[in-house]
2 protein chains.
Amino acid sequence: MSRSSSRKASAAVSAARPRPGVAPLRGAAEGMSIAGVAEQAGVSVATVSRVLNGHENVRPATRDKVLAAVDASGYRVNELARNLRTAESRLLLTMVPDVGNPFYAEIVRGIDSVARQHGYFMLLCDTGADPGRERSYFDLLRRRRADGAICLDPATIQQALGETSSALPWVACCEFDPAMGVPYVGIDNYRAAGDAVRHLLARGHRRIGLINSDVDYLYARQRQQGYLDALSAAGITPDERWRMNLNSLDYEAGASAAATLMNQPQAPSAIFAVSDTLAIGVIHGLRSVGKRVPDDIAVVGFDDISLAAQIDPPLTTIAQPMRELGETAARLLLQRLANPLANVPGVLLPHRLVIRGSA
Amino acid sequence: MSRSSSRKASAAVSAARPRPGVAPLRGAAEGMSIAGVAEQAGVSVATVSRVLNGHENVRPATRDKVLAAVDASGYRVNELARNLRTAESRLLLTMVPDVGNPFYAEIVRGIDSVARQHGYFMLLCDTGADPGRERSYFDLLRRRRADGAICLDPATIQQALGETSSALPWVACCEFDPAMGVPYVGIDNYRAAGDAVRHLLARGHRRIGLINSDVDYLYARQRQQGYLDALSAAGITPDERWRMNLNSLDYEAGASAAATLMNQPQAPSAIFAVSDTLAIGVIHGLRSVGKRVPDDIAVVGFDDISLAAQIDPPLTTIAQPMRELGETAARLLLQRLANPLANVPGVLLPHRLVIRGSA
DNA sequence: TTGAAAGCGCTAACAC
DNA sequence: GTGTTAGCGCTTTCAA
């Protein structure tokens, strides 16, 4: 828009100083381009580029001249230009439904660390489960703003599968369907949920409630099935009134769900919540209706966010290897980018039951 | 580093198709550029560009032709090229010390929402308080990868002030020095801390502990001064043993600090922690040494993250308008980008004491 | 080992 | 209203 004048002007300035010898000392920043550095160093732009990119075939003396000029001018490569030329943005998109959820935060850290190790930056997008936003993020890929994407948002994934996005360079993390033809990393949700329920069973509970998210999501269905089958295997017929499906993982959602669940005859004596945030809310909700945990009601969560160990009582939960989940997702994506043809495998990471005070 | 080979191949492919005449019908995606669309629509690239950018001076019929061609080809603008041409990346960098901290997460949401409203995307960077990473992020600005930055990391800010970064387009959020010549948004930390202490005083406490972060940080010094002055004003001589400085805001840090604090004669009867995460850890730590909150020890936190209301006992805390903090920071930055010369003001947002069960 | 020059795909003068 | 064309700043042939 209003850019041409200033930039042009400064370019002119540097062009207007063919003064040999002493560097004109025009401080750092702005106007300086690779051409200016070349001029100051008395070499061609090609040579400057070679030095900047660490190519071997440059005479040490030449290299030093260039480096000196770069130093003196405070030049920084314009990655906008570099990106166009090399046709890559070196940006990885990460889509999460909610940055505020500690579970996602830790995964995001894992992604970020691997990405940075490989010279990529991470563009974090909070979809807020908003379909409009969700769709537009995949477009970032098509518009070359990002080289690849990692999606953690179940809703987005459901939607992506329905569209033509399978050709795009992305991987699924935590929420996935092995049949979907997109690389993924996650855990065995079915077994994990079963492990949680079996723990409760072993503690003598027979009436076990399930506070789940929307069964539109794969992971929710998998965990529900794990819950159901574990109950059946113990000879218990699951009561439908013990189950609730929420469209949020917020603390508040868990709190009110717990209150609702307790407000019925034959209320459960234990609750399995599919997320620690939900479970923490559940404990709060239970307390608000006068129930003590674990004495009156046992609670098991899912994820093992760092907070789980801090609350009262400390939360018994299924630990997911969050950091590794993120790191693996990033590696899978990088692999796919490096070799678009090779088919990248799906990977399942181990989970683990962590027994603390709540159940 | 290893980025040359693959790219070369694809460039060659598209370059090898100067075939004139009938559009090769090469479906959607890949190779398609604005020139291809122009050809299919039978117009010039300039016209396509005009349509794409919503310029008015295009005949409806022409516009339709172009749109049809865009549709048929599945063309998406290459923003790499656009960015170079317009000399802006439309990316805003946000630097936080820790994405996992719910306090920052909420602010980040505020930034993201304003950014997106204005056609920018947010590049989130977790500095992890690592000086190396910190420094490299400001370089993103110099390399034109981001148009501007919002910094939430105290350590990074301290360092940025020492360097020549004041010329860069960035704003400070939460941590700031009015004298630093960089736009900022935050709260009145001095008064806020005073309010917390006065609340405790009003509840009859005389021995009030302070669990603070590193006094290298401006906000930490401001809150400490607020604490000290409030105590003095009440005729109390602050005991140095009541104060602790931590280099982390993690739950664990708060927990162990609390244990340490209690492990001395004349231990405080109340604790003011400068962050809710710390305060939650404190409550946990207190419990682990057999102290009950608030009966034995009162606890006041700072921030009012959503979790504060959920724990047992619910946390009394100083609420910061997190969402607004983020939104304001983004607006300040956008303002600065729109008009680099105008001097953007510093803004202070109101805080508020939220009284719950812990004190 | 170095330089000249051809673009990457787009926008915006400037003509017509 | 529409087309022609000149770059944006960089990387990478290709030739010397």
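All chains are named by letter (A, B, ...) in the order of the sequence lines, taking the proteins before the strands, and each is independently numbered beginning at 1. In what follows, every heavy atom counts, from backbone to side chain, and hydrogens, waters and symmetry copies are set aside.
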Undergrad: Please state how far atom CG in B:N78 lies from atom P in D:dC8, giving the value in whole angstrom units.
TA: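 Atom-to-atom, B:N78 to D:dC8, this comes out as 18 Å.
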Undergrad: Taking the minimum atom-to-atom distance to the side chain of A:R59, which one of D:dT11, C:dT2, C:dA12 wins?
TA: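 So the nucleotide nearest the side chain must be C:dT2.
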Undergrad: Are OP1 or OP2 of D:dT2 and a side-chain N or O of B:T62 less than 4.0 angstrom apart?
TA: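 True: B:T62 side-chain N/O within range (under 4.0 Å) of D:dT2 OP1/OP2.
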Undergrad: Report the relative orientation of the aromatic rings in B:W170 and B:F138; use parallel for angles under 30°, tilted for 30 to 60°, perpendicular for over 60°.
TA: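 Perpendicular.
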Undergrad: Output the rounded distance in Å from CD1 (B:I34) to C1' (D:dT4).
TA: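 The distance from CD1 of B:I34 to C1' of D:dT4 comes to 14 Å, rounded to the nearest Å.
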Undergrad: If I take atom CZ in residue A:R145 and atom P in nucleotide C:dC10, what distance separates them, rounded to the nearest angstrom?
TA: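 Between P of C:dC10 and CZ of A:R145: 14 Å.
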Undergrad: Rounded at 0.5 Å granularity, tell me how far CG in A:D147 sits from CG in A:L91.
TA: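 Output value for this atom pair is 7.5 Å.
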Undergrad: May I ask you to say what B:N53 touches in the nucleic acid, namely base, sugar-phosphate or nothing, with a heavy-atom cut-off under 4.0 Å?
TA: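 Sugar-phosphate: the residue B:N53, judged by heavy atoms under 4.0 Å, touches backbone atoms but no base.
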Undergrad: Does B:R82 offer a backbone N or O that forms a donor-acceptor pair with the side chain of B:T86 under 3.5 Å?
TA: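 Checking the backbone N and O of B:R82 against the side chain of B:T86, a donor-acceptor pair under 3.5 Å is found.
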Undergrad: If you compare all heavy atoms of B:E327 against all heavy atoms of B:S113, which two are closest, and at what distance to 0.1 Å?
TA: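 Minimum heavy-atom separation between B:E327 and B:S113: OE2-OG, 4.1 Å.
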Undergrad: Can you see if the side chain of A:R50 gets near the phosphate of C:dT2 - specifically, an N or O under 4.0 Å from OP1 or OP2?
TA: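 So the side chain of A:R50 is outside the cut-off, no N or O lying under 4.0 Å from OP1 or OP2 of C:dT2.
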Undergrad: At under 4.0 Å between heavy atoms, what does A:S49 touch on the DNA or RNA strands: base, sugar-phosphate, or nothing?
TA: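 Counting heavy atoms under 4.0 Å across all strands, the contact made by A:S49 includes a base.
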Undergrad: To the nearest Å, give me how far apart CZ (A:R144) and P (C:dC8) are.
TA: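 Going from A:R144 (CZ) to C:dC8 (P), I get 14 Å.
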Undergrad: Without decimals, in angstroms, what is the distance between B:N83 CG and C:dC10 C1'?
TA: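 Atom-to-atom, B:N83 to C:dC10, this comes out as 10 Å.
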Undergrad: Using the closest heavy atom to pick a nucleotide of DNA chain C for each, name whichever of A:V43 or A:A81 lands nearer the 5' end.
TA: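 Here A:V43 is the residue nearer the 5' end.
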Undergrad: Compare side-chain N and O positions of A:S33 against OP1 and OP2 of D:dG9 and report whether any pair is under 4.0 Å apart.
TA: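 No, no such contact exists.
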Undergrad: Nearest-Å distance, CD (A:E39) to C1' (C:dG3)?
TA: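 Atom-to-atom, A:E39 to C:dG3, this comes out as 15 Å.
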Undergrad: Heavy atoms from C-beta onward define the side chain here; which of D:dC8, D:dT12, D:dT4 lies closest to that of A:A46?
TA: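 Closest nucleotide among those given: D:dT12.
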Undergrad: Let's see if you can work this out: which of C:dG3, D:dC8, D:dT5 has an atom nearest to the side-chain heavy atoms of B:V45?
TA: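 So the nucleotide nearest the side chain must be D:dT5.
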Undergrad: Would you say A:R82 reaches D:dT11's phosphate, i.e. side-chain N/O to OP1/OP2 under 4.0 Å?
TA: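 Yes, within the criterion.
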Undergrad: Base, sugar-phosphate, or nothing: which does B:N57 touch, judged by heavy atoms less than 4.0 Å apart?
TA: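 Counting heavy atoms under 4.0 Å across all strands, the contact made by B:N57 includes a base.
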Undergrad: Does a side-chain N-to-carboxylate-O contact under 4.0 Å join B:D139 and B:R135?
TA: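 No.
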Undergrad: Expressed in angstrom and rounded to an integer, what is the separation of A:L80 atom CG from D:dT11 atom C1'?
TA: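 Result: 15 Å.
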Undergrad: Respond yes when some side-chain nitrogen or oxygen of A:T47 is under 4.0 Å from OP1 or OP2 of C:dG3, and no when none is.
TA: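 Yes, A:T47 has a side-chain N/O under 4.0 Å of OP1/OP2 on C:dG3.
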Undergrad: Please report, rounded to the nearest Å, how far the C1' atom of C:dT11 is from the CG atom of B:L84.
TA: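 From B:L84 CG to C:dT11 C1': 10 Å.
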